[in-house]
Amino acid sequence: MLTTRPRGTSDILPGEVEKWQYLEQVIRNLCREYGYREIRTPIFEHTELFERSVGEATDIVEKEMYTFKDRGNRSISLRPEGTAAVVRAYLENRLYAGPQPVKLYYLGPMFRYDRPQAGRYRQFHQFGVEALGSHDPALDAEVMAMAMDLYSRLGLKEIELHVNSLGCPQCRPVFRERLREFFRERDGVLCRHCRDRLERNPLRILDCKEEGCRGAAQGAPTVLGSLCSPCEDHFRAVLGYLEQLGVPYTVNPCLVRGLDYYNRTAFEVVARDVGAQSSIGGGGRYDGLVEACGGPDVPGIGFASGLERVLLAMERQGISVPSPPGLDVFLVAADEAAREQSLVLVQQLRKSGLAADRDYMGRSLKAQMKFAGKLGVGLVAICGAGELARGAVILRDMRTGIQEEVPLSKLVEEVKLRCTGRKESAPVNGNHAGA
RNA sequence: GUGGAUGUAGCUCAGCUGGUCAGAGCACCAGGCUGUGGACCUGGGGGUCAUGGGUUCGAGUCCCAUCAUCCACCCCA
């Protein structure tokens, strides 16, 4: 126990963490270009926030939250998703009083108590955006385009965008009733779950994978046919904008999102070859959420993507990412005097802006060379009694094997000279700790 | 929460029907003469065989439980 991490969590080690840093970099650039600014909210919130926003009857709230009492006897939950907290922060900090829309993004760990499997963990990471304050269908399209843009920047192929409209509080109940009637007539073929869903949430039946239910769903009324005219106009506009932007999509009338707060636009991004958890991102409009949280009637739309799944998709597609540069130079000492000298020297190099290191294992000169080779350092500075006496070191190019003696006064300059143009990135592929 | 598979050195795995079965490759460390890496050679350290019970003269090897990992269901990112 002492040496095992909690189930469904992971250590991201050097060699792997560079991929995360790269992904985060791409995301931050993307957000900047789309006019989103970062928001950092707490990792835990009052449980009530999630119950009210995500929905009490959802799986997330019913069985997946990490909930506990703090020492003040308050019920606290680790955040299972990002939207609730952003909406809360929007209200608490009165961001609705400023210019709208407010475009925010977040990036960080989320927590759900679930049985881990490929692409699903108890602590996982999400990137998400939320745009609050606008009803404009163009914003719906922009959010989807932005999601697709991210995946394409990452080099992912065969990514599909599925879009649907869930209607609004005006038309959804009508549709829901029509669905109920439809399925009541054939509840004999429905699975046990779907018979429950019939009353609680008949939309879900459309999403069921059981054969009987799929059969029963054939010819079921579609949401799209039941939309009220404002919702229909909105949906048409969204699709129109997607076409204008050249974003390919599939209208999927069976698409239902698991969180209660969605209305109108709902979408999901699916990647093949990610295993059973093929959905790498999803989002939609949540026009009633801010008000439901006790704020003014402010609309919103957002999107979230699971970073583990994105990384998994990238890995399965053989996408390599550029790796950051390692050390510029490694100091090798041939004797005890030089060893002492190298401690000072390495620090001087660092103060000049170079990445430098030396041996701390009492290794022989040969072993130090070997170590430097393993680190993949391009340059090694070797010094011993002779060089020290002359106030110089030997600079060895580890690629060519060419080496020459340079005076200490020129070391920084020489190292910098040889480093430039050599830092072109190599792909990260190993899973093990590297330099 | 349900189902299936798996659990032997840091990593990838051998170990047949229980009796030299505690191994290999890679990794790590040290050498291959006196101050130099990546190839090669030699040697070395390292495992309570997931944990705890049980069966047996004897168990990595059979049985049970627990834990963990992986995969799938439910659901979701």
Side-chain angles (χ1 to χ4, degrees), chain A residues 1 3-10 13 15 54 57-64 79-83 108-128 147 191-194 196-197 201 204 207-210 256-259 268-271 274-283 302-313 330 332-335 338-339 359 361-388 393-403 430-433:
Chain A
M1 274 310 190
T3 54
T4 49
R5 58 185 189 270
R7 185 164 207 196
T9 63
S10 59
L13 302 176
V54 175
T58 58
D59 275 15
I60 291 180
V61 169
E62 271 183 357
K63 52 181 206 188
E64 292 171 7
R79 61 183 189 191
E81 57 97 55
T83 304
M110 305 290 164
F111 306 83
R112 288 184 204 171
Y113 189 89
D114 224 348
R115 204 83 178 254
Q117 72 187 75
R120 175 152 70 210
Y121 307 96
R122 290 186 173 179
Q123 174 172 168
F124 61 104
H125 296 78
Q126 273 190 344
F127 148 65
C191 70
R192 209 192 300 158
H193 278 295
C194 283
D196 290 341
R197 287 174 178 142
N201 191 356
R204 268 289 156 66
D207 208 28
C208 186
K209 280 124 199 155
E210 292 289 328
V256 179
R257 309 244 70 225
L259 287 65
E268 196 165 303
V269 183
V270 177
V274 179
Q277 263 58 48
S278 58
S279 160
I280 59 173
F303 163 76
S305 186
L307 301 189
E308 281 82 358
R309 290 185 187 178
V310 171
L311 255 10
L312 181 60
F330 189 83
V332 167
D335 54 54
R339 188 176 283 281
D359 175 59
M361 296 303 287
R363 288 185 170 89
S364 67
L365 184 137
K366 188 190 179 91
Q368 290 178 58
M369 293 300 296
K370 208 168 186 173
F371 184 64
K374 292 222 174 78
L375 290 179
V377 188
L379 285 173
V380 163
I382 307 160
C383 66
E387 291 77 25
L388 237 49
V393 296
I394 291 168
L395 207 50
R396 177 186 176 88
D397 185 313
M398 292 296 269
R399 263 204 226 161
T400 61
I402 297 168
Q403 56 186 51
N431 283 344
H432 304 293

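Since this is a predicted model, take the numbers as computed values, not measurements.
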Rounded distance (Å) that lies between atom [atom2] of [N] and atom [atom1] of [X]:
| X | N | atom1 | atom2 | value |
| --- | --- | --- | --- | --- |
| A:Met398 | B:U36 | CE | P | 13 Å |
| A:Arg122 | B:U69 | CZ | C1' | 12 Å |
| A:Ile382 | B:G37 | CD1 | P | 9 Å |
| A:Leu312 | B:C70 | CG | C1' | 13 Å |
| A:Lys366 | B:C33 | NZ | P | 8 Å |
| A:Gln123 | B:A77 | CD | P | 17 Å |
| A:Asp59 | B:G1 | CG | C1' | 10 Å |
| A:Asp359 | B:U36 | CG | P | 16 Å |

Taking only the [atom1] atom of each, what is the distance from [N] to [M] in whole angstrom?
| N | M | atom1 | value |
| --- | --- | --- | --- |
| B:G31 | B:U36 | C1' | 16 Å |
| B:C62 | B:C49 | C1' | 16 Å |
| B:A24 | B:G44 | P | 11 Å |
| B:G37 | B:G32 | C1' | 15 Å |
| B:U20 | B:U61 | C1' | 15 Å |
| B:C40 | B:C26 | P | 8 Å |
| B:U12 | B:C71 | P | 14 Å |
| B:U42 | B:U48 | C1' | 31 Å |

Base, sugar-phosphate or nothing for [X]? Non-hydrogen atoms, less than 4.0 Å.
| X | result |
| --- | --- |
| A:Ala118 | sugar-phosphate |
| A:Ser305 | nothing |
| A:Gly8 | sugar-phosphate |
| A:Gly386 | base |
| A:Tyr121 | base |
| A:Ile394 | base |
| A:Glu387 | base |
| A:Ile280 | sugar-phosphate |

Is [X] side chain donor-acceptor paired with the [N] base, going by distance under 3.5 Å alone?
| X | N | answer |
| --- | --- | --- |
| A:Arg115 | B:C71 | no |
| A:Gln403 | B:U36 | yes |
| A:Glu64 | B:G1 | no |

Counting only Watson-Crick pairs (N1-N3 plus N6-O4 or O6-N4) and G-U wobbles (N1-O2, O6-N3), all under 3.5 Å, who is the partner of [N]?
| N | result |
| --- | --- |
| B:A14 | none |
| B:G60 | none |
| B:G43 | B:C29 |
| B:G38 | none |
| B:G7 | B:C67 |
| B:C21 | none |
| B:U2 | B:A72 |

Look up atom [atom1] in [X] and atom [atom2] in [Y], then write down how far apart they are to the nearest 0.5 Å.
| X | Y | atom1 | atom2 | answer |
| --- | --- | --- | --- | --- |
| A:Gln126 | A:Met110 | CD | CE | 5.0 Å |
| A:Asp59 | A:Glu64 | CG | CD | 5.5 Å |
| A:Phe371 | A:Met361 | CZ | CE | 8.5 Å |
| A:Phe124 | A:Glu308 | CZ | CD | 8.0 Å |
| A:Arg363 | A:Arg339 | CZ | CZ | 9.5 Å |
| A:Asp359 | A:Met369 | CG | CE | 12.5 Å |

It should be established whether [X] places a side-chain nitrogen or oxygen under 4.0 Å from OP1 or OP2 of nucleotide [N].
| X | N | answer |
| --- | --- | --- |
| A:Gln117 | B:C70 | no |
| A:Lys370 | B:C29 | no |
| A:Arg363 | B:C29 | yes |
| A:Lys63 | B:G1 | no |
| A:Arg7 | B:C67 | no |

Among the candidates B:A77, B:C29, B:G31, find the nucleotide nearest to the side-chain atoms of A:Arg309.
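Nearest listed nucleotide: B:A77.
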When you get a sec, tell me which of B:C76, B:A30, B:G35 is the closest nucleotide to the side chain of A:Ala367?
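It is B:A30.
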Closest approach of A:Ala372 and A:Phe330, non-hydrogen atoms and distance?
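Nearest pair, atom of A:Ala372 first, then A:Phe330: CB-CD2, 3.7 Å.
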Tell me whether B:G60 sits syn or anti, counting syn as a glycosidic angle within 90° of 0.
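Syn for B:G60; the angle stays within 90° of 0.
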Could you say whether A:Gly119 or A:Tyr113 is positioned toward the 5' end of RNA chain B, judged by the nucleotide with the nearest heavy atom to each?
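Closest to the 5' end, via its nearest nucleotide, is A:Tyr113.
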Using a strict cut-off of less than 4.0 Å between a Lys/Arg side-chain nitrogen and an Asp/Glu carboxylate oxygen, indicate whether A:Asp114 and A:Lys63 qualify as a salt bridge.
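So A:Asp114 does not pair with A:Lys63 through a salt bridge.
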Examine A:Arg122 relative to A:Tyr113 and say whether NZ or CZ is less than 6.0 Å from the centre of the six-membered ring and inside a 45° cone about the ring axis.
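Yes, A:Arg122 sits over the ring of A:Tyr113.
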